[in-house]
Number of protein chains: 4
Amino acid sequence: MSAARTRAPRRDAQRNRARIIDVAEQAFAAEGLDVPLDSVAKRAGVGAGTLYRHFPTREDLVAAVLEGRQPDLDRERAGIEAERLEPDAALDRWLAVLVSWMRAYNGLPGSLRAAVDARSTPLGMTCETVIAVTDHFLGAAQRAGAARPDVQGLDLFLGALGTAWASTASSPGTEPPDGRTGDDLLRLLRCGWAVGRPG
Amino acid sequence: MSAARTRAPRRDAQRNRARIIDVAEQAFAAEGLDVPLDSVAKRAGVGAGTLYRHFPTREDLVAAVLEGRQPDLDRERAGIEAERLEPDAALDRWLAVLVSWMRAYNGLPGSLRAAVDARSTPLGMTCETVIAVTDHFLGAAQRAGAARPDVQGLDLFLGALGTAWASTASSPGTEPPDGRTGDDLLRLLRCGWAVGRPG
Amino acid sequence: MSAARTRAPRRDAQRNRARIIDVAEQAFAAEGLDVPLDSVAKRAGVGAGTLYRHFPTREDLVAAVLEGRQPDLDRERAGIEAERLEPDAALDRWLAVLVSWMRAYNGLPGSLRAAVDARSTPLGMTCETVIAVTDHFLGAAQRAGAARPDVQGLDLFLGALGTAWASTASSPGTEPPDGRTGDDLLRLLRCGWAVGRPG
Amino acid sequence: MSAARTRAPRRDAQRNRARIIDVAEQAFAAEGLDVPLDSVAKRAGVGAGTLYRHFPTREDLVAAVLEGRQPDLDRERAGIEAERLEPDAALDRWLAVLVSWMRAYNGLPGSLRAAVDARSTPLGMTCETVIAVTDHFLGAAQRAGAARPDVQGLDLFLGALGTAWASTASSPGTEPPDGRTGDDLLRLLRCGWAVGRPG
DNA sequence: CATGAATGAGCCTTCATTCAT
DNA sequence: CATGAATGAAGGCTCATTCAT
């Protein structure tokens, strides 16, 4: 790995790219996905053109930020699998992770919602990855007879999206309501396949 | 009450108000809740100031439009009750009505979502009315042991909101994906209490 | 003229409109048709939106400015006709007027060139008007056997456009070269019909 | 000629230069002279700096591209002379060639127009070359009494420029109107001297 | 000598809200 | 009470040119 041979005219470029992503992450978290890209560029100490060179589309930037958080998602997944839970409980947990992930930035559900329809975009691919994992957990639950067979990962993904959206303020600044987090909604969503037997 | 002495003081106003609402309804349906108010005013044949006088806030206009559709909702409710279904089936039906109602205009879920947090506004009161009905059906189901006791009408309202949102394109023109209408999502939502036991 | 009865909520609007046109005329003359509209608005002392309200398109503004100069053109035409010249001489004179008119603002030939292809726009209609006059003079010359019968007003208009263009700097700032005005070109253009009898 | 001893010092440079010109030719033809130089560099597989080193100015690049097409022009000229036409017919043919040559790339007339005023630049020298040939044909016609004596090659060059410009859409994509090609204009231009005998 | 990343000014457009008439 | 003109901030995007590597 002592690969310090490659000509590296990209040293600062990569640094800039990383800084942009870093700044964007914070900006998204603080002001939502709608924050003016100019302000991101400024805060990152680069020109507008530089940001644009790296991320021609806002979506591209969002995708890059999410990519940076991918390890977290992988870790969560591994954690769930390591616990060797019942299939339905595992799915349960995964959905909770999903919703939480979607709520990271204001407006993220909306972007993901749009990306699901437009595969092939970087963000669309991120969705596909996540949906695949969901399918994985869902499949196990279905094989165990713990989930309805006519449901797909995409359904759950969209359901989680709606849940995350409903529990998030759409307009930046609106607070995540009065204690009514998405938990109640999530509970409903879980019930969908975990069989909400009151008994 | 003493007949017609005044030339046309309030007559015009009411006519204008009605026309604005009518035009807005069409505009909302066609272009979503984001239509420039200017264009609504123009299409209604009134000045921007007039529209503004009647509806100081876009929310007010939305509320007025929804008010006009309230009878439909009442009728639906009456219809469900007239059928004397099992409590859970009735709730089921009501939720379907709810989601459908929320999907009438692009962007409506978002406005309702915001209004729920800000009661006292006209739109917030509309929400309360609808939530009350939901509580009515939910209560019956709960008393019949057909629904979890720890869920509230607000939860279902928010759930329906998320469902309606997820099944609606945010940007006008984007089609409700590949056949995956909100029905699948709705099914999940219903399952939450309707007991989705595959067996 | 004592017509001060009509409700006139447009008094200032018209004043603004006039001022914008006036300022634009100067700006076009000084910096060419490419001046930033923002600067025109600023110089006219109005907001960007106001300018935009009056002239949604740059073309609309150009058309309005030209409209203001229409009387000049009419006067020129009347003057030519008053002289009762031979048909070919009259056409000759009119073409000179045309070229001169086209050279008023840097970039005008280009806008007119585009407008000819897209009738129905305000600028396109201006073109049509001018072409009609050209057809008038050309027709007379043709009937007198002094001009080729297979040429149309549009041909001469385009020819004049090319002539005006060739004698005007395209990039603002470049001076109208070294004494080589459009006269030489115009001479060529005139010859096209003045002596072009195939027979 | 003595085979390949030097690794590739000048070889690359020349190869790059050639490739850039080649790519630029295609880009100019497809998108006009306004293509972003960045894109040309990218398509040529070189860095922007490299392109810039070879051609400090866009004009320089244009000149280089035209230089590449010079043989065609020479061949045309030779062809005309080989036919031993009457002087006026020869000039006629040459002008047609000229206009056609000017219409090769969108925006070319504009660049040439500017270059005429600024001799000494590479593009200006290209113009001079072409004007010289025009003078050659024109002179012959004048000596034969077939062309007005007070016209110069530069006049015809500018006339051809205007003709080429007027018959070319400025915005890429706009078609050369409804069948009205530059032929009609060219016809006018030809007439200017072909029959313009003052006598 | 090549690379290609960074710069950064500049323009157009939209629309909610106010207020003179 | 209606009108509709004016406001004016704000944001996304491009691209020629430079210069560090």
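Any value given below was found using the heavy atoms of this structure, including those in side chains, with hydrogens, waters and symmetry copies removed. Naming convention: chains lettered A, B, ... in sequence-line order (proteins, then strands); numbering from 1 in each chain.
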Would the distance check show the side chain of D:Arg113 and the main-chain N or O of C:Trp165 forming a donor-acceptor pair, the cut-off being under 3.5 Å? no

Roughly how many Å is it from CD in A:Gln14 to P in E:dG4, rounded to a whole number? 14 Å

Stems for DNA chain F (at least 3 consecutive Watson-Crick or G-U pairs, under 3.5 Å) come to E:2-21 with F:2-21

Could you tell me how far apart A:Ile20 (CD1) and E:dA5 (C1') are, to the nearest whole angstrom? 11 Å

Here the distance between atom C1' of F:dT14 and atom CG of D:Asp34, to the nearest Å, is 13 Å

Residue met sooner reading DNA chain E from 5', once B:Gly49 and A:Leu51 are mapped to nucleotides: A:Leu51

Between B:Arg43 and B:Glu31, does any side-chain N to carboxylate O distance fall below 4.0 Å? yes

The single option from B:Thr57, B:Leu61, B:Val62 passing side chain to side chain contact (heavy atoms under 4.5 Å, CB included) against B:Glu59: B:Thr57

Please report the distance, rounded to the nearest Å, between CD in C:Glu31 and C1' in E:dC11. 14 Å

For A:Gln14, look at atom CD and say whether over 12 heavy atoms of other residues, nucleotides or ligands are found less than 6.0 Å away. no

Between D:Thr50 and E:dT3, is there a contact of a side-chain N or O with OP1 or OP2 at under 4.0 Å? yes

Quick check: do B:Glu25 and B:Ile21 have side-chain heavy atoms less than 4.5 Å from each other? no

Could you please spell out the steps behind the side-chain contact (heavy atoms from CB on, under 4.5 Å) verdict for C:Arg17 and C:Ile20? CA-CA 5 Å; C:Arg17 197 188 132 94; C:Ile20 291 174; 5.8 Å; no

For atom CG of C:Asp12 and atom P of E:dT18, their distance in whole Å: 19 Å

Would you give the length of the straight line joining atom CG of C:Asn106 to atom CG of C:Asp34, rounded to the nearest 0.5 angstrom? 8.0 Å

Residues in residues 35-47 of chain B with a heavy atom under 4.0 Å of DNA chain F, by number, are B:Gly45, B:Val46, B:Gly47

What parts of residues 52-66 of chain C reach DNA chain F, counting only heavy atoms under 4.0 Å away? C:Arg53, C:His54

Working to the nearest 0.5 Å, report the span between CG of C:Leu33 and CZ of C:Arg58. 7.0 Å

For a quick test of reading the model: is some side-chain N or O of C:Asn16 closer than 4.0 Å to OP1 or OP2 of F:dA5? no

Please report the shortest heavy-atom distance between B:Pro122 and B:Asp60, naming the atom on each side. CG-OD1, 2.9 Å

So, do C:Ser111 and C:Tyr105 sit near enough that their side-chain heavy atoms are less than 4.5 Å apart? no

Evaluate the side-chain proximity of B:Lys42 to B:Asp38: yes if any heavy-atom separation is below 4.5 Å, no if none is. no

Euclidean distance, atom CG of residue C:Leu33 to atom P of E:dC12 [Å, nearest integer]: 12 Å

